[in-house]
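Just so you know, these numbers use all the heavy atoms, side chains as well, and skip hydrogens, waters and symmetry mates. Small disclaimer: the values here were computed from a predicted structure and weren't measured.
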Amino acid sequence: MSLWFQNENRLPQMRLTVISYTLVGLMALLLLGFWKLQIVNSDRYTQLAERNRVRSIPIIAPRGAMLDRYGRVIVDNYPSFSVLLLRDDPQQVERLLPQIADGLSLTLDDIQQQLESVKALAHFQPIVIKPEATPGDIAFIESHRADIPVLEMLMVHRRRYPHGGFMAHVSGYVGEVSSDQIEESGGRNRPGDIVGKAGLERQYNDHLMGVDGMRRSVVNSVGREVGRLEQTDAVPGKPIRLTIDYDLQLVAEEALVGKKGAVVAVDPKTGDVIAMASQPSYDPNDFAVRISKEEWQDLNEDQERPLLDRAIQAQLAPGSVFKILMSTAMLESKGVPADYHVFCPGSAEFYGRVFHDWDAKGHGEMNLHKAIVHSCDVFFYNLGKQLGIDRISFYAGNLGLGHKTGIDLPGEEPGVMPSAAWKERVFHQKWYPGETISVAIGQGAIAVTPIQVAYMIGGIVMGGRFHQPHLLLSDKPAPEIDFPISDSTVDTVTEGMYGVVNEPGGTAGASKLPGIELCGKTGSAQVISEQGLKRAGKQSALKDNAWFVGFAPRQNPEIVVAVLVQGGEHGSSAAAPIARNVVKAYYDKKQGKIPPQQLTTQAVPPGVPPSFVAAAARNTKPDAGAEETVPTNPAPVPAKPQPVSTTPQSTAPATRNP
């Protein structure tokens with residue numbers, strides 16, 4: 001009995017011991033949890049609690065404006081709102097997505113794709129799900145703050161450009177930053193940032209782009225703001241002043257309406273680009289919010305290639321404007337006597353092949369001056385044979401061809417200046433002397449851009465001083481390359497180009513300007529051989545390209561204008577009148593005959609001249625009731641350059657009137 005009672009007394013004691021140890025262990029675990037909560041992870045939970053109470057909304061910095069050389073606003077901003085999605089609570093976001101998509105007129109798939117693309121971002125970082133909020137979107141968000149607290153409005157500054165593609169290739173356009181640009185920025189750019197994608201917007205993005213600020217506010221349980229904390233103001237981007245003269249730009253743009261080509265006007269003394277136009281164009285305003293995939297695809301597949309900046313990317317045979325370089329090489333190399341002369345019967349045979357002149361009747365006895373004035377092909381055929389391809393290539397390279405000019409725009413193409421070494425390197429073939437005959441009149445393997453033509457002529461008439469073309473107006477002089485050209489050579493070439501416009505029989509005589517010493521050179525360049533043209537028929541895409549390059553005045557030139565009209569056929573009738581209009585506008589303005597256009601910043605961009613809008617605006621319509629005034633703000637272009645030809649076209653010499 002005693003043993004039994006002893007066991008009965010021990011059992012409760014053992015149970016109490018076990019229970020005691022268990023309670024002590026639980027207390028230890030609770031204390032450990034409290035210690036981790038209050039001590040180890042206190043900062044983390046404080047932040048989580050703070051996020052439930054405090055909301056941080058970015059303040060987007062406006063980009064800097066673009067001004068013309070006289071301070072007139074060309075590109076600026078207008079206020080707008082974007083819709084932010086707050087992702088602090090992923091489960092709540094997922095639950096509300098159908099209601100959000102329906103209220104904002106978005107598809108559920110679109111929002112889910114956007115969320116998928118930012119998976120790597122921290123949940124507390126909000127994302128923009130609709131860049132441009134409509135009045136209906138704003139009303140929806142305000143009326144559903146209690147039941148949809150994950151939506152917020154973000155004030156932004158949208159880019160505003162002139163309508164109709166005016167100066168689009170120069171200004172460029174903006175868009176959401178790409179992953180490559182984020183890596184290149186070294187942490188400056190974040191996902192969702194709006195950055196320059198093309199043109200000057202991209203070239204000077206760091207200057208134009210400001211520094212975003214931040215606003216912190218206290219919100220209640222339904223997400224409604226009940227108080228404000230500190231605010232860091234945004235730092236606006238800096239404006240840039242361009243070398244562009246808006247008045248001359250307007251003349252150049254209007255002159256290209258309905259055409260495919262480019263106009264470049266440069267001050268040869270400084271390298272200032274005072275006008276640069278390319279058509280067909282696009283409307284950069286389409287990129288200011290977010291361009292759709294369909295619109296982007298249409299632009300890239302458009303056979304007119306509106307994204308191509310023909311001023312710096314159209315690589316084409318220069319035709320007879322190349323004869324100015326040939327003349328310079330002849331005089332400077334002294335490999336051919338200065339009084340060299342040739343009889344032109346309308347054609348000549350070289351290496352077993354007959355090469356025709358554009359004038360089948362022939363020009364008779366030709367010296368260098370007459371050959372420039374009348375654009376005699378036979379003279380330059382013979383000159384090319386005498387000089388040889390390597391000597392021609394040497395002078396072309398030193399006079400600005402075959403490499404980039406260095407203009408401050410992304411996507412410039414270098415063109416092609418052939419030589420024996422070039423053909424061996426690229427095609428692993430020998431250069432044949434007969435190819436030099438074609439190159440001598442700007443045909444064959446040679447390819448140039450309009451900016452290169454303006455740069456080349458500007459350097460030649462300035463005695464071999466080549467100022468790098470640029471669009472940013474600066475107090476510092478532009479980089480200069482010196483390749484000395486003798487005064488006698490400059491005088492001979494200048495007199496020849498003066499005769500083209502002002503002497504009887506000159507190929508650009510119709511573009512003579514009374515009281516203005518306009519000098520120039522016409523050119524027509526084939527895009528297909530004579531035999532190929534006969535087989536293809538008269539297709540507009542195969543018509544000769546028209547060129548003209550001119551400068552004024554004859555001594556101490558102030559302006560050089562290069563014009564390309566693709567399919568224009570004759571430089572004298574298609575390209576020279578455009579250059580004439582630009583030069584005339586320059587002098588009219590200089591002499592006070594036309595007042596400068598006034599540009600003002602308005603909430604809605606003003607209309608542009610109907611003649612420009614009618615043909616230049618591809619998918620936009622001018623504002624109803626818009627007056628025939630200067631646009632106050634321009635628009636952007638896709639980032640991919642679209643060169644006309646990366647491989648020079650091998651064609652027979654031109655035989656048409658230059």
Suppose we screen for side chain to side chain donor-acceptor pair (under 3.5 Å). Which residues come up paired with Glu558, at least two apart in sequence or across chains? Tyr586, Lys590

Interatomic distance, Ile481 atom CD1 to Leu399 atom CG [nearest 0.5 angstrom]: 11.0 Å

Pair Arg63, Asn205: side-chain N/O donor-acceptor within cut-off below 3.5 Å: yes

Can you check ring pair (Phe, Tyr, Trp, His ring centres under 6.0 Å) on Phe355 and Phe380, steps first, answer last? CA-CA 11 Å; Phe355 290 78; Phe380 288 97; over 10 Å; no

Please walk me through it: do Arg69 and Leu242 pass side-chain contact (heavy atoms from CB on, under 4.5 Å)? CA-CA 5 Å; Arg69 65 186 303 113; Leu242 309 181; over 6 Å; no

Suppose we screen for side chain to side chain donor-acceptor pair (under 3.5 Å). Which residues come up paired with Ser333, at least two apart in sequence or across chains? none

For Lys430, is there any backbone N or O sitting under 3.5 Å from a side-chain donor or acceptor partner on Lys423? yes

Side chain to side chain contact (heavy atoms under 4.5 Å, CB included) partners for Thr492, two or more places apart: Leu331, Leu368

Name all residues meeting the salt bridge (Lys or Arg N to Asp or Glu O under 4.0 Å) criterion together with Glu295; count only those two or more places apart in sequence or in a different chain, and write none if there are none. none

Would Ile244 and Met66 count as a side-chain contact (heavy atoms from CB on, under 4.5 Å) here? Give the steps. CA-CA 10 Å; Ile244 294 290; Met66 291 185 192; over 6 Å; no

Check whether Asp357 reaches the backbone of Asp377 with its side chain - one donor and one acceptor, N or O, closer than 3.5 Å. yes

Contacts of Ala311 that satisfy side chain to side chain contact (heavy atoms under 4.5 Å, CB included) - sequence neighbours left out: Ala262, Val264, Met276, Asp309

Between Glu332 (side chain) and Ile485 (backbone), is there a donor-acceptor pair under 3.5 Å? no

Between the CG atom in Leu518 and the CD1 atom in Ile559, the distance rounded to the nearest 0.5 Å is 9.5 Å

For Val565 versus Ala575, what's the shortest heavy-atom pair and its separation? CG2-CA, 4.3 Å

Quiz question: by atom type and distance under 3.5 Å, do the side chains of Arg159 and Asn77 form a donor-acceptor pair? yes

Angle between ring planes, Trp422 versus Phe427, binned at 30° and 60°: parallel, tilted or perpendicular? perpendicular

Tell me every residue that passes side chain to side chain contact (heavy atoms under 4.5 Å, CB included) with Val251, counting only those two or more places apart in sequence or in another chain. Asn581, Val582, Ala585

Salt bridge (Lys or Arg N to Asp or Glu O under 4.0 Å) with Lys584: which residues, sequence neighbours excluded? Asp588

CG-CE distance between Leu387 and Met330, expressed to the nearest 0.5 angstrom: 8.0 Å

Contacts of type salt bridge (Lys or Arg N to Asp or Glu O under 4.0 Å), residue Asp298, not counting sequence neighbours: none

Non-hydrogen atoms of Val493 and Ser327 that approach each other most closely: CG2-CB, 4.4 Å

Shortest non-hydrogen separation from Thr522 to Gly571 and the atoms involved: CG2-C, 4.1 Å

Taking the inter-plane angle between the rings of Phe350 and Tyr381 on a 0 to 90° scale, is it parallel (under 30°), tilted (30 to 60°) or perpendicular (over 60°)? perpendicular

Heavy atoms of other groups near Gln303 CD, more than 12 under 6.0 Å: no

Closest approach of Trp547 and Thr449, non-hydrogen atoms and distance? CH2-C, 4.2 Å

Give every donor-acceptor pair under 3.5 Å between a side-chain atom in residues 471-480 and any protein atom, sequence neighbours left out.
from: Ser474; atom 1: OG; to: Lys476; atom 2: N; distance (Å): 3.1

Over all atoms of both residues, closest heavy-atom pair of Pro318 and Gly442: CD-O, 3.3 Å

For Lys543 and Glu569: C-alpha separation, side-chain torsions, deciding distance, then whether side-chain contact (heavy atoms from CB on, under 4.5 Å) applies. CA-CA 6 Å; Lys543 291 181 179 179; Glu569 296 192 271; 3.9 Å; yes

Suppose the criterion is side chain to side chain donor-acceptor pair (under 3.5 Å): which pairs have a residue in residues 385-411, not counting sequence neighbours? Tyr204-Asp408, Thr405-Glu412

Any donor-acceptor pair under 3.5 Å linking the side chain of His169 with the backbone of Gln279? no

Would you check, one step at a time, whether the test side chain to side chain donor-acceptor pair (under 3.5 Å) holds for Ser375 with Ser320? CA-CA 7 Å; Ser375 196; Ser320 293; 3.3 Å; yes

For the atom pair CZ (Arg241) and OH (Tyr70), what is the distance rounded to the nearest 0.5 Å? 10.5 Å

Can you tell me how far the CD1 atom of Ile274 sits from the CG atom of Asp68, to the nearest 0.5 Å? 11.5 Å

The criterion is side chain to side chain donor-acceptor pair (under 3.5 Å); which residues satisfy it with Arg580, sequence neighbours excluded? none

For His470, which residues count as a side chain to side chain donor-acceptor pair (under 3.5 Å) partner, sequence neighbours excluded? Asp272

Which heavy-atom pair separates Leu200 from Leu409 by the least distance, and what is that distance? N-CD2, 3.8 Å

Any chance you could lay out the side-chain contact (heavy atoms from CB on, under 4.5 Å) test for Phe551 and Met497, step after step, and finish with the verdict? CA-CA 9 Å; Phe551 63 91; Met497 295 181 72; 3.7 Å; yes

One thing to verify: whether Asp206 and Lys238 come together as a salt bridge, which I'm taking to mean a side-chain N less than 4.0 angstrom from a carboxylate O. no

